[in-house]
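One-based numbering, in listed order, for ligands and for the atoms of each.
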Amino acid sequence: MKILPEVSRTLSEYLLLPNLTTEDCTPANVDLTTPVVRHRVGEPSPIRIATPLVSAIMEAVSSPRLAVALARTGGMAFIHQNQDIASQAADVAAVKGHKAGFRRAELHVAPTATLGDITALTRGCAQDFVAVTDDGTAEGRFLGLITVDDFHPDRHAPTDPVTTRMRAVEDLVTAPAAVSLSDANETIWHHRLDVLPVLTPHARLASVVLRADYESHTRFRHESVDADKRFRVGAGINTRDHTDRVPALVDAGADVLCIDSSDGYSVYQAKTLEFVRDKYGADVHVGAGNVVDARAFRYLADAGAAWVKVGIGGGSICTTRETKGIGRGQASALIDVARARDAYAQETGVYVPLCCDGGLLTDYHMAIALALGADFIMLGRYFARFDESPNRRVRIGGRLLKEYWGEGSARARNIARYEQGGDDIAFEEGVDGYVPYAGSLQQTVPITVAKLKATLISCGSTSLPAFRDSAILVPVSEQSHRQTGAEVMVRDHSQDAGE
Ligand SMILES: NC(=O)C1=CN([C@@H]2O[C@H](COP(=O)(O)OP(=O)(O)OC[C@H]3O[C@@H](n4cnc5c(N)ncnc54)[C@H](O)[C@@H]3O)[C@@H](O)[C@H]2O)C=CC1
Ligand SMILES: O=c1[nH]c(=O)c2[nH+]cn([C@@H]3O[C@H](COP(=O)(O)O)[C@@H](O)[C@H]3O)c2[nH]1
Ligand SMILES: [K+]
């Protein structure tokens, strides 16, 4: 038995000191681009993202819809692996079917549908246009488009068929499937269109280009896309069915894979990495983890991990510390692992990025994690709160909440865990609950990014490596925690509008 001398510390136990801010430290100059996969020191990583945020490998979090929204804002999602191989591969393929600037229609109806159906379909859905196809499916022949602005309940009966108000394909300007985004935008501005349907050679609707997206496209100039402008997406794998799952995900177009486990320090992970290396060489990138110390980092880096994921037991739905007594404060884990990562880079000339996973309670925790050595951050609770995540939104006691459950909870039915078998899992290792609803990802991620940039500006840096190198952190005392807890009641505008 050995007891480490240091106490295990969390991200809340540190704050940053400001460094000298110079005139070049402006939001426009701050670049949060970060490496995702291993690379030679001094060379760029083959896969980089402009926003250092990725979504957790969880059923309640990472759907194709969330993946597209997150890639648009410069991050990347990881499609969860607690589903059969074919459906996970289909989710990956669905994301790869989206090219930046081109939207897949999410809603389809047959010509027999009514205007009332359109109102009901679009309510609560991010897309406000519906494609009319001969059989009402995405594969059907495209007949026209209808949006909620094409009719009004005072003028048009909800029982009227969509064909009375849709814009028929004959009357629409359309583009062929091979059109480039810049040509599509030229057509939109030339013909003053709000929407440009893109059609396959067989008259199917491939996608639409929206004028409204033109602005967001210029706003999100840092979308995560591959060389063909398809959105990037990651996928989780496990150490049991990887011989079948990895080829299916690679074929579906996954940009990166990540072994999804609470504990990465195992021969199963080394064997999984070895299988992928033997089959694909360096073409397929697989992250591994999770780890909380230098030994485990070294083991996975030597085994060829593309990046190493740090964090055991810190997640908001985690009960690993309670069930197994395993874990470490996220700050202590990052400090130890980042030292090992830097030593590994010096010794081998290879930089292995670190992902900080779980337990980030506020946006500033992300800044602390990045300062302590993380290259990017994986978040579950944060993304589960948004419209784009696949979990249900519910109203309880007047509050809007979204469901959120752990991959080790009974709800996840992760029966392969610990070879528990049978219909029920023997013990749970995660919570099944709710988180406060927080609106749209595409509106909230830019706010988080703005805060991160503001932190870098205060610390006098314009890039994450410079921020990490120059960061000065101080431990926070118990007393200062109590001081920030001083009670101030937040204004409720329904009771006091302030006049
Ligand atoms: N980050 C965290 O702190 C935590 C995360 N989780 C999440 O819960 C889910 C399940 O995680 P785990 O329970 O760690 O699942 P896991 O499948 O990695 O491990 C469960 C058990 O199976 C064993 N095992 C793995 N591969 C094997 C093989 N090929 N043959 C025989 N035994 C094998 C492992 O050693 C371990 O004892 C994941 O989604 C994970 O991310 C769960 C708890 C904590
Ligand atoms: O103890 C656990 N039981 C679970 O059921 C579970 N499911 C996910 N995870 C891990 O938590 C991370 C997300 O954490 P946050 O919600 O704090 O972002 C995730 O990224 C995982 O690392 C779990 N941990
Ligand atoms: K272990």
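The number of heavy-atom neighbours closer than 6.0 Å to CD of Q346, taken from other residues, nucleotides and ligands shown, is 12 or below.
Under a 3.5 Å cut-off, the side chain of T51 and the backbone N or O of T73 do form a donor-acceptor pair. Of the possible polar contacts, one joining the K402 side chain to the N391 backbone as a donor-acceptor pair under 3.5 Å is found.
Across G289, C318, S316, heavy-atom proximity to atom 1 (O) of ligand 2 is greatest for C318. For atom 11 (O) of ligand 2, the nearest non-hydrogen atom from the set V310, V431, V435, I317 comes from I317.
The ligand atoms of ligand 1 that sit less than 4.0 angstrom from a heavy atom of E407 are 8 (O), 9 (C), 39 (O). Counting atoms of ligand 1 from 1 in the listed order, those under 4.0 Å from a heavy atom of G311 are 1 (N), 2 (C), 3 (O). Per-residue contacts place T320 under 4.0 angstrom from the following atoms of ligand 1 (heavy atoms of the residue considered): 43 (C), 44 (C). Per-residue contacts place G408 under 4.0 angstrom from the following atoms of ligand 1 (heavy atoms of the residue considered): 8 (O). Of all the atoms in ligand 1, the ones that sit under 4.0 Å from a non-hydrogen atom of N290 are 1 (N). Numbered from 1 in the order shown, with element, the atoms of ligand 1 that lie under 4.0 Å from a heavy atom of I312 read 3 (O).
The shortest N/O to N/O separation between Y382 and ligand 2 does not fall below 3.5 Å. Between Q81 and ligand 1, no N or O atom pair is found at a separation short of 3.5 Å. Where the criterion is an N or O separation shorter than 3.5 Å, residue side chain and backbone included, D357 fails it with respect to ligand 1. Geometrically, ligand 2 and G380 share a nitrogen or oxygen pair separated by less than 3.5 Å. Of the polar atoms of K309, none of the N or O atoms is found under 3.5 Å from an N or O of ligand 2, judged by distance alone. Considering both main-chain and side-chain atoms, M58 never comes within under 3.5 Å of ligand 2 through any nitrogen or oxygen pair.
There is a side-chain donor-acceptor pair under 3.5 Å between Q88 and R245.
At least one heavy atom of G313 sits less than 4.0 Å from an atom of ligand 1. Residue contacts with ligand 1: D260 is included, with a non-hydrogen atom under 4.0 Å away. Taking 4.0 Å as the cut-off, F383 does not count as a neighbour of ligand 2 on heavy-atom distance. The closest approach between G430 and ligand 1 stays at or above 4.0 Å for every heavy atom of the residue. For the ligand labelled ligand 2, residue G359 lies inside the 4.0 Å heavy-atom shell. Judged by the shortest distance from any of its heavy atoms, C318 lies inside the 4.0 Å radius around the atoms of ligand 1.
Using a 4.0 Å cut-off between heavy atoms, E429 contacts ligand 2 through its backbone alone, with no side-chain atom that close.
Taking the six-membered ring for Trp and the full ring otherwise, Y434 and Y404 have centroids separated by 6.0 Å or more.
No other N/O/S atom of D263 lies as close to the K ion (ligand 3) as OD2 does.
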Checklist entry - Can D263 and S261 be said to form a side chain to side chain donor-acceptor pair (under 3.5 Å), step by step? => result CA-CA 5 Å; D263 175 5; S261 170; over 6 Å; no
